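Data block below; observations after.
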Amino acid sequence: MTNSPLPRLAVLTSGGDAPGMNPAVRAVVGVASALGAEVIGVRRGYQGLIEGDGAPLSPRDVDGWNRRGGSILGSSRCAAFRAPDGRMTALRQLQSWGVGGLIVIGGNGSLTGARLLGALAESEGVPLCVVGLPASIDNDLACTSLSIGVDTALNTIVEACDRILDTASSHARTFVVEVMGRDCGYLAMTAAVAAGADGVIFREAGLDEDEILTQLEQIIRRAYDPAGGKHRVLVVKAEGVDVSSQRLKTLLDARLAASNLPVETRVSVLGHVVRGGAPSATDRLIAGRLGHAAVRAIERGMSDIMCGWHVLRRPDGPQPTVFDLDPYVTFWPLETVLTETDRIVDGTSEVTRWRVRLLREAAPFLSA
Ligand code: F6P
């Protein structure tokens, strides 16, 4: 680590928005300003960067951002930035603003872009520190126990499940509630535990269509048992499961009819509802602490890293740098983050295996 003075910064939010992105930007602006540096807020993620759509942000500008959902700066999934030309335009834009440090707040694709931009700056001899902050409701990023937005999304899902259980109980129905998460079952698994669901379906379990249906039938049979059943079922399903929720309902209804189990089923897809809303207190705090760490990292000349939140480090795994000013924060090379993230997504990561093992161990009532 070096002690270079803090350069002018730029900050952007990219990819799917996540509750807590605004508090992260607010923290970056507040901490940088206290250290005497200016921050350019880039609108609409990498798209805005390519188009030069940014303006300085003062602490007064970001006042009140802590309690706002979505991304006030705006976000995008930018196809142009995936091409070398687009990244070169973005780099020249940062140079023209006199920016020496870029903070990218986003998920897997956004941090991949951050890494490529950092590499381009290095090869062009442009002094630019690039630091990523993990933000995605999916919690599919490695090297952080939580990404910004996960806690709020989880709370939203649990509240929705509580409501659905009210109506499920009233009508003695079975509900399959589908939640976002892309290929990652984290939100479904944790929401199922927190909501007290009867079952959970997620891609990492590796079940085929028939096995899923068999499990569901067993759960339903048990729940509607005349001798002591509870006469309603809530199953949380991750969007990454190959079989669609509607198809599952159709096949399940056919099975139930064939088994002479007259249970009414309904599907509720929560979709983007889960991504919106004011950030929870936990998300605001995590975003604030990570935003602070990102600014301090750039002040020290660190680059090509992501700031992770409260990671349980394995002695045999990759080792990060612990942030001396906040031991809950660790700095990880982006390369490590992205390699490990691929493993979380394809299910070979120790983190994924541990999540599945723990679910089976601590919540055995969630499987048939
Ligand atoms: O990555 C966040 C996420 O919300 C995923 O859970 C979901 O699969 C995807 O983004 C939805 O993307 P879009 O908003 O582009 O439809």
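Since this is a predicted model, take the numbers as computed values, not measurements. Ligands are counted one by one from 1 in listed order, and the atoms in each one are counted from 1 as well.
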Under 4.0 Å from a heavy atom of Arg77: give me the atoms of ligand 1 that qualify, with their elements.
9 (C), 10 (O), 11 (C), 12 (O), 13 (P), 14 (O), 15 (O)
What pairs of residues pass the ring pair (Phe, Tyr, Trp, His ring centres under 6.0 Å) test when at least one of them lies in residues 147-178, not counting sequence neighbours?
none
Closest approach of any protein heavy atom to atom 9 (C) of ligand 1, naming residue and atom
Arg182 NH2, 3.6 Å
Give me the nearest non-hydrogen protein atom to atom 2 (C) of ligand 1 as residue plus atom name, then the distance to 0.1 Å.
Asp138 OD2, 3.3 Å
Counting from 1 in the order shown, the ligand 1 atoms closer than 4.0 Å to a non-hydrogen atom of Gly181 are 6 (O)
As an exercise, identify every atom of ligand 1 less than 4.0 angstrom from a heavy atom of His272.
13 (P), 14 (O), 16 (O)
Residues in side-chain hydrogen bond (donor to acceptor under 3.5 Å, both in side chains) with Arg43, at least two apart?
Asp53
Output yes when a side-chain donor or acceptor of Arg284 lies under 3.5 Å from a complementary backbone atom of Pro279, and no otherwise.
yes
So that I can tick it off, tell me whether Arg247 and Asp242 are bridged by a salt bridge, with the cut-off set at under 4.0 angstrom between side-chain N and carboxylate O.
no
Using a 4.0 Å cut-off to any heavy atom of Glu239, which atoms of ligand 1 qualify?
5 (C), 6 (O), 7 (C), 8 (O)
Tell me whether the guanidinium CZ or amine NZ of Arg289 lies under 6.0 angstrom from the six-membered ring centre of Tyr328 and within 45° of its axis.
yes
Using salt bridge (charged side-chain N to carboxylate O under 4.0 Å, His left out), reason through Glu124 and Arg87 one step at a time and then give a plain yes or no.
CA-CA 12 Å; Glu124 292 288 307; Arg87 290 196 291 277; over 6 Å; no
How close does the nearest protein non-hydrogen atom get to atom 3 (C) of ligand 1, and which residue and atom is it?
Arg275 NH1, 3.5 Å
